[in-house]
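Input: a single structure, listed below in structure tokens.
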Amino acid sequence: HSLLGSVDQDREDEAAIAKQVAEWEAAAKTIPKLDDGDVVDVIYAEHLLASWVLQASPWNAYHSGMVFRVKGASGEKKATYTVDYTPFFTDRISYVLHPLIDPVYPSWIPKPLGVLWARLNNSYDLVWQNK
């Protein structure tokens, strides 16, 4: 690749990313705000697309996404949103949607009890580790 070709590709990538971000921001405005007491179930979803064996090692290809189920304070289903993940850059297979579900509990509680506290109170943060 020439330096000029690389610069042109970078500009095209930046323009395409900006367009995609604008589309995401417009879509996000259609999601209603949550009410106090609403509960959001977060589900990591994978679908096996293909499986094969190379040199006695299994290899799988997945399509992944996140499902967000919103329930009202009394348990009624309010909405379900699915966000599938397709990497913008496809030059490597290492770009994945990879959340860490981190329990949140008061700092004075020891970790083993804090994890239980978080479970009983549905108190978690999502930490994105996208690669």
Side-chain angles (χ1 to χ4, degrees):
H1 294 288
S2 71
L3 181 59
L4 184 58
S6 177
V7 169
D8 288 342
Q9 184 62 48
D10 288 346
R11 285 186 186 140
E12 288 176 21
D13 290 346
E14 287 174 12
I17 291 170
K19 180 182 176 193
Q20 185 65 61
V21 167
E23 289 175 11
W24 291 332
E25 288 173 344
K29 291 178 183 175
T30 66
I31 299 173
K33 294 195 183 274
L34 297 176
D35 296 323
D36 288 343
D38 284 353
V39 174
V40 179
D41 294 329
V42 180
I43 302 160
Y44 178 73
E46 281 187 341
H47 176 71
L48 180 64
L49 295 175
S51 184
W52 59 94
V53 176
L54 294 174
Q55 298 177 345
S57 295
W59 289 82
N60 296 318
Y62 295 94
H63 185 72
S64 62
M66 301 294 292
V67 178
F68 300 90
R69 284 193 201 139
V70 181
K71 297 181 207 163
S74 61
E76 78 278 8
K77 183 178 173 183
K78 294 178 78 175
T80 300
Y81 302 98
T82 303
V83 180
D84 82 326
Y85 177 73
T86 304
F88 188 82
F89 297 106
T90 57
D91 58 331
R92 286 187 274 158
I93 62 169
S94 62
Y95 299 118
V96 298
L97 182 67
H98 187 218
L100 171 66
I101 300 174
D102 201 17
V104 176
Y105 51 88
S107 60
W108 56 267
I109 298 177
K111 185 174 183 175
L113 294 175
V115 171
L116 177 61
W117 187 93
R119 173 83 170 133
L120 294 173
N121 291 284
N122 289 321
S123 179
Y124 298 94
D125 278 339
L126 287 178
V127 179
W128 296 102
Q129 304 182 93
N130 295 358
K131 296 180 181 173

Study note, to complete from the structure: Cluster membership besides Trp108, Ile/Leu/Val/Met/Phe/Trp/Tyr side chains within less than 4.5 angstrom, sorted by chain and number, is Tyr105, Ile109, Leu113, Trp117
Practice item. Using side-chain hydrogen bond (donor to acceptor under 3.5 Å, both in side chains) as the criterion, list what pairs up with Gln55, not counting sequence neighbours. Key: none
Check your understanding: Got Arg69 and Tyr81 here, is their nearest side-chain heavy-atom distance under 4.5 Å?
Key -> no
Review point. Linking Ile, Leu, Val, Met, Phe, Trp and Tyr by side-chain heavy atoms under 4.5 Å, what else ends up with Val115?
Key: none
Review point. Hey, does the side chain of Asn121 reach the backbone of Ala118 with a donor-acceptor pair shorter than 3.5 angstrom?
Key: no
Revision key, fill the gap. For Met66 and Tyr44, the nearest pair of non-hydrogen atoms, with its separation, is SD-CD1, 3.6 Å
Practice item. Return the set of residues passing side-chain hydrogen bond (donor to acceptor under 3.5 Å, both in side chains) with Ser51 (not counting sequence neighbours), or none when no residue passes. Key: Asn60
Study note, to complete from the structure: Joining Ile, Leu, Val, Met, Phe, Trp and Tyr whenever any side-chain heavy atoms lie under 4.5 Å apart, the cluster holding Ile43 also takes in Val67
**Study point:** salt bridge (Lys or Arg N to Asp or Glu O under 4.0 Å) partners for Asp41, two or more places apart
**Key:** Lys71
Check your understanding: Quick one: are Leu34 and Val70 in side-chain contact, heavy atoms under 4.5 Å?
Key -> yes
Review point. Does a side-chain heavy-atom distance below 4.5 Å link Thr82 with Phe68?
Key: no
